[in-house]
There are 2 protein chains.
Amino acid sequence: MAKFRLDEVDHQILDILIDNTRTPFTDIAKRLNVSAGTVHVRVRKMEEAGIIVGSSLTLNYRKLGYSFIAYVGVFLQKTSQTKFVLERINEIPFVTVAHVTTGKFNIFCKIRARNTEHAKQIIFELDDIEGVYRTETMISLEESLNDKKRLMHSIFKEM
Amino acid sequence: MAKFRLDEVDHQILDILIDNTRTPFTDIAKRLNVSAGTVHVRVRKMEEAGIIVGSSLTLNYRKLGYSFIAYVGVFLQKTSQTKFVLERINEIPFVTVAHVTTGKFNIFCKIRARNTEHAKQIIFELDDIEGVYRTETMISLEESLNDKKRLMHSIFKEM
DNA sequence: GGTGAAAGCACCGAGTT
DNA sequence: AACTCGGTGCTTTCACC
């Protein structure tokens, strides 16, 4: 996959939009001392290049009653079942991400639930998938996000 | 934490904005057969209630040259060192999330890197933190995201 | 809590340097 | 590639329901 080069202006535009995608382009333009048209063109080019894939809301799931997070490692009877099991996993609501991994587990996923009882149901669903040998659950007691902005800064520094 | 009740209109507004935060409120209004003012007020109320925390861009890190993802389980010498180690972990760029967990590991984090060489450096930094006994790495071979939209639909169904 | 209209801005393309 | 400018359309408020 081709690596796309971003200049300082692109960096700064991303930096502002990562924090708030609805920041008016005229505001960004003022802050960066360029015209709003330039901001517009830059953003469009980053979209066309596939760097900016889309935009989304950051929601507080706790406030919606979903404060339980756990990671579940999945062991398979045979690794050849990976594709099949991954598809089944993706059908389970509340599984937010799944990874095929090297190391201890064959598949590794993250779940978001209301409480332990709810999580139990989800884990039982995972356990019930044909080809799953057993699962191992790690409950998150504390989540510490290192936000996107910092990751972008680290990436910019290396460019 | 109080659970905030969302009605059908709120659901649908979130549903649209989760996909694209820049969808004009006038468009949303037309689709939902309400006025643009209503959409505006609903969004503001969800922001005030802390349901909508912010908005962010979805970026393609692969295109920026960062296609390596791994999960690293961290074992501590003593659990009393958790806070200290977590703070050190959060200072390492390219660690995107860290969780204090029950189960096999004491701390569990996700890293994003350019390649295996770069990942090695990051893992060595983790290993070097005072109080870290050893780490265990699981490299992601395939990531399968179950998008936010589906999670929200599952949450709506349960409300 | 919703509406519709109106004022103020933002978007975004065309034309220019 | 970036700027200015202008038509079009979006946001946001407010008096009224």
Side-chain angles (χ1 to χ4, degrees), chain A residues 2-60 63-65 148-149 152 155-156 159, chain B residues 1-60 63-65 148-149 152-153 155-159:
Chain A
K3 184 167 159 180
F4 190 87
R5 278 227 150 253
L6 304 175
D7 70 9
E8 193 54 28
V9 175
D10 294 325
H11 288 182
Q12 301 210 49
I13 292 172
L14 287 180
D15 205 41
I16 293 167
L17 289 178
I18 276 174
D19 252 17
N20 178 7
T21 55
R22 290 187 86 102
T23 312
F25 290 0
T26 46
D27 276 18
I28 300 174
K30 267 178 234 156
R31 288 205 237 170
L32 307 186
N33 289 313
V34 294
S35 74
T38 299
V39 176
H40 184 237
V41 169
R42 298 293 193 117
V43 170
R44 208 186 51 222
K45 286 197 177 162
M46 290 190 279
E47 282 168 352
E48 281 165 4
I51 304 282
I52 297 177
V53 178
S55 60
S56 192
L57 295 178
T58 308
L59 299 172
N60 185 335
K63 296 234 169 167
L64 292 171
K148 282 186 187 177
K149 200 163 178 166
M152 274 320 278
I155 291 176
F156 293 161
M159 277 182 152
Chain B
M1 178 134 9
K3 185 168 159 178
F4 190 87
R5 278 228 148 254
L6 304 175
D7 69 9
E8 192 54 27
V9 175
D10 293 325
H11 288 182
Q12 301 211 50
I13 291 172
L14 288 180
D15 204 40
I16 292 167
L17 290 177
I18 277 174
D19 252 16
N20 177 9
T21 56
R22 290 188 87 101
T23 313
F25 289 1
T26 45
D27 274 19
I28 300 175
K30 267 178 233 156
R31 287 205 239 171
L32 307 186
N33 289 313
V34 294
S35 73
T38 299
V39 176
H40 185 240
V41 169
R42 297 294 192 116
V43 169
R44 206 185 55 223
K45 287 200 175 160
M46 289 190 279
E47 281 167 354
E48 282 164 5
I51 303 281
I52 297 177
V53 178
S55 60
S56 192
L57 294 179
T58 307
L59 300 173
N60 185 335
K63 295 234 169 168
L64 293 170
K148 283 186 185 175
K149 199 161 181 171
M152 275 319 279
H153 283 173
I155 291 176
F156 294 162
K157 255 188 256 167
E158 294 195 340
M159 277 184 151

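Note that these values count all heavy atoms, side chains included, but never hydrogens, waters or copies made by symmetry. Just so we're on the same page: letters track the sequence lines, and every chain starts at 1.
A donor-acceptor contact shorter than 3.5 Å is absent between the side chain of Ser55(B) and the backbone of Ser56(A). Side chain of Thr26(A) to main chain of Ala36(A): no donor-acceptor pair is present (N/O by atom type, distance under 3.5 Å, no hydrogens or angles). Checked by atom type and distance alone, the side chain of Thr23(A) never pairs as donor or acceptor with a backbone atom of Leu17(A) at under 3.5 Å.
Sorted by residue number, the members of residues 7-37 of chain A with any non-hydrogen atom under 4.0 Å from DNA chain C read Pro24(A), Phe25(A), Thr26(A). Within a heavy-atom distance below 4.0 Å of DNA chain C, no residue of residues 46-56 of chain B is found.
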Inset, instruction - Under the salt bridge (charged side-chain N to carboxylate O under 4.0 Å, His left out) rule, what do Asp10(A) and Lys45(A) come out as? Steps first, then yes or no, please. - result: CA-CA 10 Å; Asp10(A) 294 325; Lys45(A) 286 197 177 162; over 6 Å; no
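Of all heavy-atom pairs between Ser35(A) and Ala29(A), the closest is C-CB, 3.6 Å. Contact between Gly50(A) and Asn60(B) at its shortest, heavy atoms only, is O-CB, 3.1 Å. Annotation for Val9(B) and Leu32(B): closest pair O-CD1, 4.1 Å, computed over non-hydrogen atoms.
Side-chain nitrogen and oxygen atoms of His40(B) include none within less than 4.0 Å of the OP1 or OP2 phosphate oxygen of dT11(D). Taking 4.0 angstrom as the limit, Arg44(B) places none of its side-chain polar atoms (N or O) nearer than this to OP1 or OP2 of dT12(D).
Asp19(A) and Lys148(A) are not joined by a salt bridge, as no carboxylate oxygen comes within less than 4.0 angstrom of a charged side-chain nitrogen. Under 4.0 Å is where a charged nitrogen must lie from a carboxylate oxygen, and between Asp7(B) and Arg42(B) at least one such pair does.
The 5' end of DNA chain D is approached more closely, in terms of each residue's nearest nucleotide, by Val39(A) than by the other of Val41(B) and Val39(A).
Note on ring orientation: taking the six-membered ring where Trp is involved, the planes of His11(A) and Phe156(A) are parallel (angle under 30°, cut-offs 30° and 60°).
For the helix from dG1(C)-dC17(D) to dT17(C)-dA1(D), the terminal axes (five pairs an end, C1' atoms, rotation from four pairs onto the next four) enclose an angle of 20°, given to 10 degrees.
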